[in-house]
Amino acid sequence: MTDCSDQIINCRGRAILRDFIISCTGGDAPIEKFDSLTKLYCEVNSIINISALKNADDIYVKHYLDSIVPYKHFFGECCDVGCGGGFPCLPLAIITGLNFTGVESVGKKLLLIKRCASELGIKNIRSEYARAEELAKLHRSYDTVCARAVADTDKVLSYCAPLAKNGGQVILYKTPRDTAASSAVCKKLKVELCDTIDYVLPQTDISRRLFIYKKSV
């Protein structure tokens, strides 16, 4: 199969992402950063297989677009729990300019984040080779904690909530089939569901659901 970096120029997924970026920012300057990310992604993925997505259209839509559509809900210092190869934290760092920490317990998956920081000049992202529970014991805390495609809602919320500052938030990327965390889990973790957002990724038929929880002050 042709390397995904060779598919960029005529990639429909790239055009969709570019349209979304223009609609949000009024310009398309960040698309070149995503192009550079794609080339590096292909190189790293061929070595350590950080993701099953190898087609350029899938990368631009199912990794990048999927990551950044909820970007307006993020604020402050951010943490991505179970970030894998860097999604959603890498695309969000590019589009928002906020500081992101990607947390992943499989160390080799963090190679893409490390190389993006050093080779692409994405200075507002860093990585932690650790489990969320370990960071919580070290009293690490963030304004926004997120997770994408990680475990069921109750379980992933139990990973994320301890890392959120009081008054901070947890954002969970889920599918329309997923349900919110149980009231018992929310009470235990001292969080409250403040919004459930259903949406479709622009110019696709891919449906998503976002749960946004606020942590008690």
Side-chain angles (χ1 to χ4, degrees), residues 4-5 7-8 11-45 50-104 109-128 142-150 171-175 197 199-204 206 208-210 212:
C4 61
S5 64
Q7 306 168 20
I8 291 174
C11 173
R12 180 174 180 271
R14 180 184 186 272
I16 292 173
L17 180 69
R18 181 175 178 272
D19 287 347
F20 179 75
I21 290 172
I22 291 173
S23 72
C24 297
T25 68
D28 65 352
I31 196 65
E32 293 184 0
K33 187 72 76 173
F34 283 105
D35 294 342
S36 297
L37 172 58
T38 302
K39 294 173 183 177
L40 190 55
Y41 169 97
C42 292
E43 179 185 337
V44 172
N45 202 42
I50 56 176
S51 169
L53 298 184
K54 295 178 171 61
N55 177 275
D57 281 316
D58 287 340
I59 294 166
Y60 278 89
V61 171
K62 296 181 180 178
H63 272 332
Y64 305 162
L65 185 66
D66 191 30
S67 294
I68 69 172
V69 166
Y71 78 98
K72 289 184 178 180
H73 299 287
F74 286 77
F75 69 86
E77 292 287 327
C78 304
C79 177
D80 177 8
V81 173
C83 68
F87 306 102
C89 57
L90 271 171
L92 284 168
I94 292 171
I95 205 71
T96 67
L98 298 172
N99 291 325
F100 277 83
T101 297
V103 178
E104 175 56 52
K109 290 186 176 183
L110 295 173
L111 178 60
L112 182 59
I113 293 178
K114 293 175 181 177
R115 290 190 59 181
C116 282
S118 61
E119 298 176 30
L120 302 186
I122 305 176
K123 301 302 183 184
N124 57 321
I125 192 161
R126 60 189 299 272
S127 60
E128 288 274 5
Y142 303 87
D143 299 293
T144 302
V145 182
C146 70
R148 172 177 175 260
V150 178
I171 297 178
L172 302 182
Y173 289 68
K174 308 298 284 184
T175 73
I197 304 170
Y199 57 98
V200 177
L201 299 186
Q203 301 184 52
T204 78
I206 301 173
R208 291 288 184 256
R209 173 169 290 171
L210 206 69
I212 303 179

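Residue numbers start at 1 and run along the sequence shown.
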Answer whether the closest heavy-atom distance between the side chains of Tyr64 and Thr38 falls below 4.5 Å. yes

Specify the closest pair of heavy atoms between Ile50 and Lys109, including all atoms of both residues, with the distance to one decimal. CG2-CA, 3.9 Å

Beyond-backbone contact of Leu17 with Arg14, side-chain heavy atoms, under 4.5 angstrom: no

Is the shortest heavy-atom distance from the side chain of Asp35 to the side chain of Tyr60 under 4.5 Å? yes

Note: Gly13 and Val61 closest approach over all heavy atoms is CA-CG2, 3.7 Å

Below 30° counts as parallel, above 60° as perpendicular, anything between as tilted: where do the rings of Phe20 and Tyr71 land? perpendicular

When rounded to the nearest 0.5 Å, the distance separating CG of Leu172 from SG of Cys146 is 9.0 Å

What I'd like to find out is whether the side chain of Leu37 reaches to under 4.5 Å of the side chain of Ile59, using heavy atoms alone. no

For a 4.5 angstrom cut-off between non-hydrogen side-chain atoms, does Ile125 reach Leu90? yes

Considering all heavy atoms, the nearest Leu110-Cys83 contact: CD2-SG, 3.7 Å

If we ignore hydrogens and angles and just use 3.5 Å, is the side chain of Asn45 paired with the main-chain N or O of Ser51 as donor and acceptor? yes

What are the two closest non-hydrogen atoms of Asn99 and Glu77, and how far apart are they? ND2-OE2, 3.0 Å

When every non-hydrogen atom of Pro70 is compared with those of Leu210, the smallest separation belongs to CB-CD2, 3.6 Å

With no hydrogens and no angle check, is any side-chain donor or acceptor of Thr144 less than 3.5 Å from a backbone partner on Phe75? yes

I need the Ser118 OG to Ile113 CD1 distance, nearest 0.5 Å. 12.0 Å

Can any side-chain N or O of Asp80 pair as donor or acceptor with the backbone N or O of Cys89 at less than 3.5 Å? yes

Would the distance check show the side chain of Lys33 and the main-chain N or O of Gly121 forming a donor-acceptor pair, the cut-off being under 3.5 Å? no

For Arg115, look at atom CZ and say whether over 12 heavy atoms of other residues, nucleotides or ligands are found less than 6.0 Å away. yes

How many angstroms lie between atom CG of Asp28 and atom CD1 of Ile22, to the nearest 0.5 angstrom? 4.5 Å

Working to the nearest 0.5 angstrom, can you tell me the gap between Asp58 CG and Cys11 SG? 9.0 Å

Begin with the C-alpha distance, continue with both residues' side-chain angles, and end with the deciding distance and a verdict on side-chain contact (heavy atoms from CB on, under 4.5 Å) for Val69 and Arg208. CA-CA 10 Å; Val69 166; Arg208 291 288 184 256; over 6 Å; no

Would you mind reporting whether Leu65 and Pro91 have side-chain heavy atoms less than 4.5 Å apart? no

Quick one: pull up OG1 in Thr101 and OH in Tyr142 and give me the separation to the nearest 0.5 Å. 4.0 Å

Heavy-atom closest contact (Glu104 atom, Gly82 atom, distance): OE1-C, 3.5 Å

State, yes or no, whether a side-chain contact exists between Arg148 and Ser67 at a heavy-atom distance under 4.5 Å. yes

Ignoring hydrogens and geometry, is there a side-chain-to-backbone donor-acceptor pair from Asn124 to Ala93 under 3.5 Å? yes

Roughly how far, to the nearest 0.5 Å, is the CG atom of Leu98 from the CG atom of Leu92? 8.5 Å

Hey, is the main chain of Glu32 close enough, under 3.5 Å, to the side chain of Ser36 for a donor-acceptor pair? yes

Checking the side chain of Tyr41 only, and the main-chain atoms of Leu112 only, is there a donor and an acceptor separated by less than 3.5 Å? no

Arg12 backbone acceptor or donor facing Asp57 side chain under 3.5 Å: yes

Hey, is the main chain of Ala149 close enough, under 3.5 Å, to the side chain of Lys174 for a donor-acceptor pair? no

